[in-house]
S.K.: 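The structure that follows is given in the form of structure tokens.
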2 protein chains.
Amino acid sequence: MRIGDLAKATGVDIETIRYYEKAGLLPEPGREANGYRAYRQEHLERLAFIRHCRALDMPLESIRRLLDFVAHPEAECGDINRLIDEKLARVQARLNSLRALESQLAALRAQCGENHSARECGILHELVAAAHGEACACHTK
Amino acid sequence: MRIGDLAKATGVDIETIRYYEKAGLLPEPGREANGYRAYRQEHLERLAFIRHCRALDMPLESIRRLLDFVAHPEAECGDINRLIDEKLARVQARLNSLRALESQLAALRAQCGENHSARECGILHELVAAAHGEACACHTK
DNA sequence: TTGAAACCATGGAGCCGCTACGGGGTCAAG
DNA sequence: CTTGACCCCGTAGCGGCTCCATGGTTTCAA
């Protein structure tokens, strides 16, 4: 399998594959006589694993640690639990702040209806008022 | 006002203030005889405006556009509405994907209870299964 | 057989929004 | 005269790619 085949099979960009190799996530494949990378089934599986973890928004460093566990199955898995727990906590924190942001933006958007000059734009007024530390629909607290 | 005073007044890091200047968001201030930056009230207000927009998670580029509107109040504000609408849409999309992620992580976490060897870790099994394209508690679709 | 298109290689820069670092100049108090 | 707090500038680093320039290789059709 050449790098383009692997890319097609996994939906991962060629440059990204090379990046994962440089980052130490994907083992260096063998080379054809002409220097082209020659991948095998194990690379495909490994890459699928990495992409699945990325779909779960795990940083590459966490994936590295998970791959260590795959390589050393006799180790304790407490760290894996912790990794997932921490990730979950961060996701929930981010959810909370995004929910707050959503309502702030919605309030801000409600300040301006149709097109008119920026001078009378409620959104801009709100933002400028906030810059003066005054009450602001999008930043009440 | 020197940069340290401005930093204290706004809660913005000194390096960040210089960065905003270099990025063209904060106008270049005058200088004292010794070369130190000399800020005035308008800089403080502008910086507060920027930070408020950043609190709303707007990218610097959007803030630049908003500042253009502040400077040219005769322009139509339709772009402002669009800017906020787009931001709102992105926030909502991110909320949806984070909500999905949360339940996936929770399902994943439920696969593994207490400490044991990684070989029997349900989380790792799920992730490896996913790499093979099999059904996966954290990635059902 | 030639030549174009599609593939592959490498190394390096760019993206965002900072943050940190290194190596210096300035200034007031003790 | 030294200490420390402040300021200057330029550069590099973070994560996770993405894009670029430059050049070699393969594959197909004319």
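All heavy atoms count here, side chains included; hydrogens, waters and symmetry mates do not. Chain letters run A, B, ... following the sequence lines, proteins first and then strands; every chain starts at 1.
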S.K.: Across the strands shown, which category fits B:R51 at heavy-atom distances under 4.0 angstrom: base, sugar-phosphate, nothing?
M.R.: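 Sugar-phosphate: the residue B:R51, judged by heavy atoms under 4.0 Å, touches backbone atoms but no base.
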S.K.: Ignoring hydrogens and geometry beyond distance, is the side chain of B:Y36 in donor-acceptor contact with the base of C:dG25 at under 3.5 Å?
M.R.: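 In this structure, the two groups form a donor-acceptor pair.
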S.K.: Could you check whether B:K22 gets within reach of a base, just the sugar-phosphate, or nothing at all, counting any heavy atom under 4.0 Å?
M.R.: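 If one applies the 4.0 Å heavy-atom cut-off, B:K22 turns out to touch a base.
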S.K.: Just N and O in the side chain of B:T16: are any of them under 4.0 Å from OP1 or OP2 of C:dG17?
M.R.: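 Answer no for this pair, as no side-chain N or O of B:T16 is under 4.0 Å from OP1 or OP2.
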S.K.: With hydrogens left out and only the distance checked, is there a donor-acceptor pair under 3.5 Å joining A:E15's side chain and the base of D:dC19?
M.R.: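 Side chain to base: pair found, below 3.5 Å.
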S.K.: Give the nucleotide from the list D:dC8, C:dG17, C:dA9 with an atom nearest to the side chain of B:R54.
M.R.: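 That would be C:dG17.
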S.K.: Mind calculating the distance between CD1 (B:I17) and C1' (C:dT19) to the nearest angstrom?
M.R.: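 So the two atoms are 14 Å apart, to the nearest Å.
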S.K.: Tell me the interatomic distance from B:E32, atom CD, to C:dG25, atom P, rounded to whole angstroms.
M.R.: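 Going from CD in B:E32 over to P in C:dG25 covers 18 Å.
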S.K.: Is a donor from one side chain sitting under 3.5 angstrom from an acceptor on the other, for A:R46 and A:Y39?
M.R.: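 Note: A:R46 and A:Y39 side chains miss the donor-acceptor criterion.
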S.K.: Expressed as a whole number of angstroms, how long is the span from A:I63:CD1 to D:dG16:C1'?
M.R.: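 Going from CD1 in A:I63 over to C1' in D:dG16 covers 10 Å.
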S.K.: C:dC15 C1' sits how many Å from B:E61 CD, rounded?
M.R.: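 Between C1' of C:dC15 and CD of B:E61: 13 Å.
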S.K.: Indicate the atoms forming the closest heavy-atom contact of B:L108 with B:I123, along with that distance.
M.R.: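 B:L108 and B:I123 have their closest heavy atoms at O-CG1, 3.3 Å.
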S.K.: Within this structure, what is the CG-to-P distance between A:L60 and D:dT18, rounded to whole angstrom?
M.R.: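 Taking CG of A:L60 and P of D:dT18, I get 12 Å after rounding.
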S.K.: Looking at B:N34, I'd like to know whether one of its side-chain N or O atoms comes within less than 4.0 Å of OP1 or OP2 on D:dC7.
M.R.: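 Indeed not, no polar side-chain atom of B:N34 lies that close.
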S.K.: Measure CD/A:E21 against P/D:dT18 and give the value in whole Å, please.
M.R.: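 Distance check: A:E21 CD to D:dT18 P gives 17 Å.
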S.K.: I'd like to know whether CD of A:E28 has more than 12 heavy-atom contacts from other residues, nucleotides or ligands below 6.0 angstrom.
M.R.: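 12 or below, so no.
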S.K.: Locate the shortest heavy-atom distance separating B:C53 from B:L66; write the atom from each residue and the value.
M.R.: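 Scanning both residues completely, I find the closest heavy atoms to be SG-CD1, 3.9 Å.
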S.K.: On DNA chain D, check which nucleotide each of B:K8 and A:R64 is closest to and give me the residue with the more 5' one.
M.R.: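 Mapping each residue to its closest nucleotide by heavy atoms, the 5'-most match is B:K8.
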S.K.: Counting side-chain heavy atoms from C-beta on, which of D:dC17, C:dT10, D:dC8 comes nearest to B:I3?
M.R.: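 Ranking D:dC17, C:dT10, D:dC8 by closest atom to the B:I3 side chain puts D:dC8 first.
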S.K.: Is any side-chain N or O of A:Y20 closer than 4.0 Å to OP1 or OP2 of D:dG16?
M.R.: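 It does not, given that no N or O in the side chain of A:Y20 lies less than 4.0 Å from OP1 or OP2 of D:dG16.
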S.K.: Please determine whether a side-chain nitrogen or oxygen atom of A:R18 lies at a distance below 4.0 Å from atom OP1 or OP2 of C:dG11.
M.R.: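 The answer is no; no side-chain N or O of A:R18 sits under 4.0 Å from OP1 or OP2.
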S.K.: Report the distance from atom CD1 of A:I14 to atom P of C:dA6, rounded to the nearest whole Å.
M.R.: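 Result: 14 Å.
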S.K.: Decide yes or no for B:L25 and B:Y19: does some side-chain heavy atom of the first lie under 4.5 Å from some side-chain heavy atom of the second?
M.R.: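 They are not in contact (no side-chain heavy atoms under 4.5 Å apart), so the answer is no.
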S.K.: OP1, OP2 of C:dA9 versus side-chain N and O of A:R2: anything below 4.0 Å?
M.R.: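 Negative; the distance criterion is not met.
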S.K.: Grab the OH-P distance between A:Y19 and D:dG15 for me, whole Å please.
M.R.: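 Those two atoms, OH and P, are 8 Å apart.
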S.K.: With a 3.5 Å distance limit and no angle check, can you tell me whether A:R18 reaches the backbone of A:I3 through a side-chain donor-acceptor pair?
M.R.: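 No: the side chain of A:R18 does not pair with the backbone of A:I3.
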S.K.: More 5' along DNA chain C: B:A33 or B:P59, using each one's nearest nucleotide?
M.R.: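 Whichever sits nearer the 5' end wins; that is B:P59.
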S.K.: So does A:R37 get a side-chain nitrogen or oxygen closer than 4.0 Å to the phosphate oxygens (OP1/OP2) of C:dT10?
M.R.: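 Looking at the OP1 and OP2 atoms of C:dT10, one of them is under 4.0 Å from a side-chain N or O of A:R37.
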